[in-house]
S.K.: 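What follows is a single structure, and I will ask about it in a moment.
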Protein chains: 4
Amino acid sequence: MAKTAARAEPRKRPSQARSAATVAAMVEAAARIIEVRGWAALTTNHVAELSGVSIGSLYQYFPSKEALLAELVRRERAMLLHDVGLAMALEGELPLAIEQGVMAGLAHQFRRPALALALESAPSSPSLQHEDDALRHALAGQLAGLLARHGVADPDMAAADVIALCRGIIDAAALRGETDMASLARRLGRAVHGYLDTAGPASEAAASA
Amino acid sequence: MAKTAARAEPRKRPSQARSAATVAAMVEAAARIIEVRGWAALTTNHVAELSGVSIGSLYQYFPSKEALLAELVRRERAMLLHDVGLAMALEGELPLAIEQGVMAGLAHQFRRPALALALESAPSSPSLQHEDDALRHALAGQLAGLLARHGVADPDMAAADVIALCRGIIDAAALRGETDMASLARRLGRAVHGYLDTAGPASEAAASA
Amino acid sequence: MAKTAARAEPRKRPSQARSAATVAAMVEAAARIIEVRGWAALTTNHVAELSGVSIGSLYQYFPSKEALLAELVRRERAMLLHDVGLAMALEGELPLAIEQGVMAGLAHQFRRPALALALESAPSSPSLQHEDDALRHALAGQLAGLLARHGVADPDMAAADVIALCRGIIDAAALRGETDMASLARRLGRAVHGYLDTAGPASEAAASA
Amino acid sequence: MAKTAARAEPRKRPSQARSAATVAAMVEAAARIIEVRGWAALTTNHVAELSGVSIGSLYQYFPSKEALLAELVRRERAMLLHDVGLAMALEGELPLAIEQGVMAGLAHQFRRPALALALESAPSSPSLQHEDDALRHALAGQLAGLLARHGVADPDMAAADVIALCRGIIDAAALRGETDMASLARRLGRAVHGYLDTAGPASEAAASA
DNA sequence: TATGAATGAGACTTCATTCAT
DNA sequence: AATGAATGAAGTCTCATTCAT
């Protein structure tokens, strides 16, 4: 009858090799369930079964279903951030850097399209919300830095918009089942450059520089 | 949880005024619950209570919770389509027509922001999926027609992308709690025109006009 | 994933005859399980099964297991209070009134000895605690009033002690399996009168009056 | 929950100093958990953690949770018996000896009030029941001997009643949070002497002897 | 037709206990 | 002997749906 507040952090960091494998297996099982059978099928018992672990073990590593989900989101976010960060860090012209970043994002989405798509509409919850915000901020931060260095006006908002419009286009394409990454990349480039170049009077000079 | 093959269509077309009012009350109750307390709070019993109808009656009008939800989505979709269609139908230049359409979409989102936002991440289900696809198609069709009439290349894809990027930007803004419709409208204009103008070689002439 | 705070009050007052019967059946089932198989066997599923009701129904009337338990305690308390109150209300000499009260308490304990005994050590919880305190207070209040009217010194504490020592003796006797109510009544009388008569100097006059 | 026939005896008598310390640590940890956080928090894993021992080790010394609990009760009982026995063994008048005993009991209760109180309502189980009976018998035996030597009629029953009424008063006082040991001692004395002196005709002579 | 009591599958989570290392 | 990861039965509670009145 005693209820402790549900934490979203893992209960214990897997210290042994075996544990790490167990945790990874559970997170991956969750991912597979979500992408194959949807949110409704994501039950802790199902995750335990699919990962070949007992339900008790699941709860030894995650204090709640929510925490497991948060870990999955964290994992995907880390991958995306890493790839995009790397891509944009390559020195070069602004358009090139952006293109690299967009391509990295696209690649991420196309690696596991169903999963990426599903994670966009996770059941809202404080911890998930937090993970999502963190992703958005980190990504926006990276891009904003790049834009600022190239003299784009209001780089924070511009970064947020660029990311948002990319997400919009990519998600819609994924939902339609598009698989032509090249076409998508081209259109994304158009959208991003169009947005950045079609600037108000104040930033015209900077953008054309 | 006895599940019979769940139909998503209302069980009966409201033929009497009273029925129509009842159905409307239930759909509106669902909308209010979703926007005020989130998806998790959307239970059929709750909907029945809030709409002043018994749970038994609810199931006389809707064969399942899913059908109720589909009806809500249908209702919102109809409103959006109507507004956007009207806005874009106003004769005028391309940029103006588009701006009208974008403004209509924005207005829709700002009428009930929480609801609009929540409906973007409805629990996926065949019928909901279908409703959503229908919306997308209808909207894209309207816009594609407009673009085609103005000689834009590949109008279907362009329409889809324009709608998608607008959704992306608007949703992200809503999520951040932005309330400045004017700023949003300006940025959306930038994004849309940027996308349409920054064209490949084939449409360069149009873009430079 | 949404947890509301567990109330101890019944969820809805049974308004129809059928409901009232259902509620009574559940409370009685709980009583029987506790007295026959002990606290460990008191599970909501078990209660539902024994009362011939579905688990869903149980939770329609009680928001939690705790609330069901509280209702049982409340029921027993009401009976005890009613009997003891009636017994002590009979006009007469102090010793006689007390004897009546003690006999009423004894009778209560002997009606369902195992239940009465078990309820003494209910798993502590806020609501149960509250019910128990209420019983103690009500009983002590009744007795304190009686004692005060007969000039006993410090009637509140005396009442509390008298009740406590009676409970102690009765419980121990019940635990040993004593069944001779007459003997028990005699000893209780001795204990109570002994306590009240063997007073400190201050109240000697009053007690002997 | 694989349940083998649970023994209540410790699995092995601690033959080495280290083992004894380990066992003591676990028992004390259990005591602390019970008094600080209540019965609901008493889990074997929690006990192991608090006592700095692995759960595996705990089960090497105790075959079950119940056995651990029994050992705790045994420990407390031994202390109480030792103190009360010593106190009553002091030669002297009957009233004095009894007063000593009562004081010893009170002192025990006040040493760790929360623990003493909690142990009164331990989850019933065969082995716990047995420990409790043993305590009662031993205590009653000691007191009965004393009473018999002083010619009190029906000393066994009198002893049982005296102990029971003391427990009743003490527990109720503890539950109310009383801390005035002196007042409590005075009232206990009244109750005990009252009970012993207010005898039926048959034992009046004996009591006054 | 409307009502709302009743249903019950199944979700999440805990915790006593085992056993490979 | 000690460790602690793993187990899984079982408990509490929810909610979509049915059906007697």
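Residue numbering restarts at 1 for every chain, and letters A, B, ... go by the order of the sequence lines.
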S.K.: Out of E:dA5, E:dT18, F:dA16, which has the shortest distance to the side chain of D:Ile55?
M.R.: E:dT18
S.K.: Should D:Glu120 and C:Glu120 be marked as a side-chain contact (heavy atoms from CB on, under 4.5 Å) after you check the CA-CA gap, both sets of side-chain angles, and the distance that decides it?
M.R.: CA-CA 10 Å; D:Glu120 302 272 338; C:Glu120 303 271 338; over 6 Å; no
S.K.: Is there a side-chain polar atom (N or O) of C:Thr22 under 4.0 Å from OP1 or OP2 of E:dA6?
M.R.: yes
S.K.: Rounded to the Å, how far apart are A:Lys65 NZ and F:dC13 C1'?
M.R.: 15 Å
S.K.: E:dA9 C1' sits how many Å from C:Asn45 CG, rounded?
M.R.: 12 Å
S.K.: Remember a base hit wins even if backbone is also touched, and classify D:Leu42 as base, sugar-phosphate or nothing at under 4.0 Å, heavy atoms.
M.R.: sugar-phosphate
S.K.: B:Leu69 CG to F:dA16 C1': how many Å, rounded?
M.R.: 14 Å
S.K.: Just the rounded figure in Å: distance from P of E:dG4 to CG of B:Leu50.
M.R.: 16 Å
S.K.: Would you kindly give the OH-to-C1' distance between C:Tyr61 and F:dT14, to the nearest whole Å?
M.R.: 17 Å
S.K.: Less than 3.5 Å apart, any donor N or O on the side chain of D:Ser57 or D:Ser54 sitting next to an acceptor on the other?
M.R.: yes
S.K.: When D:Asn45 is tested against each of D:Leu58, D:Leu50, D:Ile55 for side chain to side chain contact (heavy atoms under 4.5 Å, CB included), which residue passes?
M.R.: D:Ile55
S.K.: Tell me the interatomic distance from C:Glu49, atom CD, to E:dT7, atom C1', rounded to whole angstroms.
M.R.: 15 Å
S.K.: Among E:dT14, F:dA1, E:dA2, which is the nearest nucleotide to the side chain of A:Tyr59?
M.R.: E:dT14
S.K.: What pairs with D:Ala31 under side chain to side chain contact (heavy atoms under 4.5 Å, CB included), at least two apart in sequence or on another chain?
M.R.: D:Glu28, D:Leu72, D:Arg75, D:Arg112, D:Leu115
S.K.: Which comes earlier along DNA chain F counting from the 5' end, the contact point of A:Gly52 or that of B:Gly56, where each point is its nearest nucleotide?
M.R.: A:Gly52
S.K.: Under 4.0 Å between a side-chain N or O of D:Thr44 and OP1 or OP2 of E:dC15?
M.R.: no
S.K.: For the side chain of C:Gln60, counting heavy atoms from C-beta on, which of E:dG4, F:dT12, E:dA5 is nearest?
M.R.: E:dA5
S.K.: Which is true for B:Thr43 with a 4.0 Å heavy-atom rule: it touches a base, it touches only sugar-phosphate, or it touches nothing?
M.R.: sugar-phosphate
S.K.: Using every non-hydrogen atom in the two residues, find where D:Ser19 and D:Tyr61 come nearest and quote the distance to one decimal.
M.R.: OG-OH, 3.4 Å
S.K.: Checking base pairs now: Watson-Crick or wobble, both atom distances under 3.5 Å. What partners E:dG10?
M.R.: F:dC13
S.K.: Measure the distance from CE on C:Met26 to P on F:dC13 and round it to the nearest whole Å.
M.R.: 14 Å
S.K.: Take the protein atom NE2 of B:His46 and the nucleotide atom P of F:dT17, then report the distance between them rounded to whole Å.
M.R.: 17 Å
S.K.: Closest to the D:Ser54 side chain: F:dG4, F:dG8, E:dT7?
M.R.: F:dG4
S.K.: Quick check: on DNA chain E, is the nucleotide nearest A:Ser57 upstream (toward 5') of the one nearest B:Val53, or the reverse? Name the residue that is more 5'.
M.R.: B:Val53
S.K.: Can you tell me the base-pairing partner of E:dA20? Count Watson-Crick or G-U wobble geometry only, both distances below 3.5 Å, and say none if there is no partner.
M.R.: F:dT3
